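To find a chain, count down the sequence lines: A is the first, B the second, and so on, and within it residues start at 1. Since the model is a prediction, treat every value here as computed from it, not as a measurement.
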Amino acid sequence: MIKPLKTPMPVADAEERNTNFYEVALGYSHQDALDEASRCLQCLHKPCVASCPVNVDIPSFIRAVKEERLDDALSIIHQTNCFPSICGRVCPQEVQCESTCVMTKRYQSVAIGRLERYVGDHANVRVDVKPLNHARKVAVVGSGPSGLACAYDCAKAGYAVTVFEAWHDIGGVLRYGIPEFRLPKATVDKEIDLLRTLGVEFECNVVIGKTIECHELFDMGYKAVFLGTGAGLPTFMNIEGEGSIGVFSANEFLTRVNFMKAGQPTYDTPLLAGKKVVVIGGGNVAMDAARCAKRLGYDTTIVYRRSLNELPARQEEVEHAMEEQIHFELLSAPVKISADQQGRVRSILCQRMQLTEPGPDGRCKVVATDDEPFEIETDTVIVAIGTSPNPILIRSTKELKTGKWGTILVDHNQQTSIRHVYAGGDAVTGAATVIEALGAGKKAAASIIAYFSENPAG
Amino acid sequence: MAKIIKKEMLNTNVVSMTIEAPRITAKAQAGHFVMLRIDPHGERFPLTIADTDPFLGTLRIIFQVVGGSTIKLNRLRQNDDILDIVGPLGMSLAHEHVSHAIVIGGGVGCAIAYPHAKALKQQGAKVSFVAGFRNRELFILRDEIEQIADEAYFTTDDGSSDRKGFVTDVLKELIEKQNDVDLVIAIGPVAMMKAVANTTRDKNIHTVVSLNPIMIDGTGMCGGCRVRVGNEYKFACVDGPEFDGHLVDFDELMLRNSAYAQQEKHICQLTKEEEQ
Ligand SMILES: Cc1cc2nc3c(=O)[nH]c(=O)nc-3n(C[C@H](O)[C@H](O)[C@H](O)COP(=O)(O)OP(=O)(O)OC[C@H]3O[C@@H](n4cnc5c(N)ncnc54)[C@H](O)[C@@H]3O)c2cc1C
Ligand SMILES: Cc1cc2nc3c(=O)[nH]c(=O)nc-3n(C[C@H](O)[C@H](O)[C@H](O)COP(=O)(O)OP(=O)(O)OC[C@H]3O[C@@H](n4cnc5c(N)ncnc54)[C@H](O)[C@@H]3O)c2cc1C
Ligand code: SF4
Ligand code: SF4
Ligand code: FES
């Protein structure tokens, strides 16, 4: 008898967890993992694999879990995904691998992500450390998932890789964006350690395009360069009052809280004291900002212009946010922020919205209703309506061709307009997902490997 | 990590440090800044590159001890290391074909204005330097300024040295008397920069100011440094920190810079207590 429902994920109590930063989803037990693994039908045509952006060999690793060959399971995942503990936690599985799982025809899908996380967290890593070929030096710019994945594959191929990072620590959004309660930093550290074992070198506090120009990397002996600089530049709404004290981009808020540990007594970075916060947006970034704020004691409301069905965040995070007593004002769009005499946020005025009938593309437009705007009193507003690619490197590297939103243009091999310079991740696509960034980094690594293979002297 | 090669006090509250940072030094130009972090629990904060020695690979920072982070930085001595230093950040504005520039520094702002005077002098412009301080005890870089500028004017708010009054008093006279002034650079307290911009507005003299909003990353990722210029937001760390003074909304900047005053006072107090 196949169990119709996913083996539930043990989670911390909602009333308690919304006051601390410990991890919410606690992870499967050994028995949970065995139970869940036995739900997989081991389909021969395995549709799930094709809907994973890096094509993890899902049935094979699940079979290994079922047969209690956990280390084998990890080796199978590592063939295509170096970060199972991270991806198992943060991939939007419901729209990726799990969306096409055969089980969904009648029941709930296999909990592929949860199993992947279980393997990443509990199996022992087998690595085959090759002596590095220092004639084949690769420079990776940015240490987010795209850069790390490219570095991983290049190091596995025996190339000497240096990752340059502008911040003082490694991981990109995994470090400064996604909060501890969703992705513990110890987990990030553990998976990044794998790269160190492979001989990847990290240089923090280096901004390519400022400290070192992109073309100078070649003078330094690097033969190929990967740009994984992300899409970190926050967008604002351009409404009245956005300059008031207490209006933050989600990036600033999350960086202060997650990365600089603002609010913790022994850290210096300050956090503005407040009681109520309104978060604008409906993506993962908005959910994370809202849930962080809740944990810091704010009464928290999310304002999103479309309805529940359109919320782009990972489904599980929306459910968790609701359980954690975060209010949702759906079909609402901000119009104006009002401030008091000291310039501090006092309230935000919002307009009720409505969805139109779906257009030819199947998407509903959202338009303002005739209702009177309504006011929400608040002392803090966090804007999480999107980001665009970081401009520093693009501005200083004139030969680099970019698209409309400042995204770096690449061909199907992740090759940019500059020879031997590749790019991938959010810098190319605009804000997307961890696993898509990781996939792009891998694809670039494959191009770099092909280039070195064609130039054996190189 | 970057080693402090030399440390000196320029007055009771302003410190100069020469730091070994060859990569940053090689690229630094007038107007660039660095972000620093002193210890693993510290904040990241910006300081301007006041001078460089490309031959030795060293750069100089000059800072006023105002709060927690600058107190911590001031605790370091010669041969100590600074944990993190990133740069050179910001856009350096090239001022081409300048015939006569008035460079104005207010207090520690003189340290930020000085590299501009030096760069303008090197490209052949006439440079008048106007340096304003609250009183004679707070003077910094007097010798350097006198050496580099064609004309140097000093003011004190209380008249304890040189001319009593504000930098704008001197500026007004200069632009009345001399009609070849085609660039004014003003760096110092926001109120001073605002006053300078108001003084030059009618005369239509191109006026550049260097803004100092609160920054976190300094690389365009947080938006905390946004300033209203013209009618749009610019990020001071990647689009500036130098902007057309006639377009800047100084009032909003003053407001935003006061945001953390309460908390900072607290941290600053704690840091001082630790010290005792
Ligand atoms: C708060 C938040 C929550 C998210 N939640 C999820 C989620 O649950 N699931 C999911 O799949 N995705 C999520 N995402 C999206 C995902 O994190 C990104 O798509 C992914 O991190 C992109 O990876 P990347 O390697 O392209 O860039 P990033 O992770 O942005 O890393 C880029 C790195 O490059 C560095 N850099 C930039 N310019 C330079 C330079 N010139 N020199 C040196 N270094 C430079 C940056 O400092 C940064 O460290 C979330 C994003 C955010 C912000
Ligand atoms: C691009 C740039 C270049 C700078 N260059 C220099 C320099 O060369 N020399 C120098 O002495 N200072 C410079 N500053 C200002 C310097 O960064 C701040 O003085 C410093 O961050 C204060 O940190 P703190 O923890 O010591 O003080 P805090 O405790 O943070 O602040 C003390 C007081 O200063 C105010 N304050 C905090 N940050 C700023 C700021 N950025 N601007 C104005 N007031 C602020 C606070 O509200 C508080 O009232 C620069 C700022 C910017 C943005
Ligand atoms: S990497 Fe992400 S999409 Fe791929 S199988 Fe794992 S959880 Fe699914
Ligand atoms: S589609 Fe679902 S059931 Fe089939 S192999 Fe993939 S995970 Fe297993
Ligand atoms: S300091 Fe963060 S964007 Fe400028």
J.: Could you tell me whether the side chain of Arg226(B) and the main chain of Phe236(A) form a donor-acceptor pair under 3.5 Å?
T.: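 No.
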
J.: Please confirm whether the backbone N or O of Gly243(A) pairs with a side-chain atom of Arg228(B), one donor and one acceptor, at under 3.5 Å?
T.: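 Not a single qualifying donor-acceptor pair exists.
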
J.: Hey, are Glu216(A) and Arg23(B) close enough for a salt bridge, meaning a charged N less than 4.0 Å from a carboxylate O?
T.: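 No, Glu216(A) and Arg23(B) are not salt-bridged.
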
J.: Any heavy-atom pair between the side chains of Leu233(A) and Met221(B) that's under 4.5 Å?
T.: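 Of all side-chain heavy-atom pairs linking Leu233(A) with Met221(B), none is under 4.5 Å.
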
J.: Indicate yes or no: at least one non-hydrogen side-chain atom of Arg256(A) is less than 4.5 angstrom from one of Ile216(B).
T.: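 Sidechains of Ile216(B) and Arg256(A): in contact.
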
J.: How close do Leu255(B) and Ile245(A) get, heavy atom to heavy atom, and via which atoms?
T.: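 Closest approach of Leu255(B) to Ile245(A): O-CD1, 3.1 Å.
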
J.: Tell me whether Tyr233(B) contacts the main-chain N or O of Asn238(A) through its side chain, where contact means a donor paired with an acceptor under 3.5 Å.
T.: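 The answer is no, because no donor-acceptor pair under 3.5 Å joins these two groups.
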
J.: Compare all side-chain heavy atoms of Ile392(A) with those of Thr219(B) and state whether any distance is below 4.5 angstrom.
T.: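 They are in side-chain contact.
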
J.: Determine yes or no for a side-chain-to-main-chain donor-acceptor pair under 3.5 angstrom, with Lys210(A) supplying the side chain and Ile24(B) the backbone.
T.: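 Side chain of Lys210(A) to backbone of Ile24(B), a donor-acceptor pair under 3.5 Å: no, none is there.
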
J.: Identify whether the distance between the nearest side-chain nitrogen and carboxylate oxygen of Asp169(A) and Arg37(B) falls below 4.0 Å.
T.: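 Salt bridge between Asp169(A) and Arg37(B), a charged N being under 4.0 Å from a carboxylate O: no.
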
J.: Checking Ser249(A) side chain against Gly223(B) main chain: does a donor-acceptor pair fall under 3.5 Å?
T.: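 No: the side chain of Ser249(A) does not pair with the backbone of Gly223(B).
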
J.: Side-chain contact test, heavy atoms from C-beta onward, threshold under 4.5 Å: evaluate it for Asp217(B) versus Met260(A) and give yes or no.
T.: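 They are not in side-chain contact.
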
J.: Taking C-beta and beyond as the side chain, do Pro391(A) and Phe235(B) meet within less than 4.5 Å on heavy atoms?
T.: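 With C-beta onward as the side chain, the pair stays apart.
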
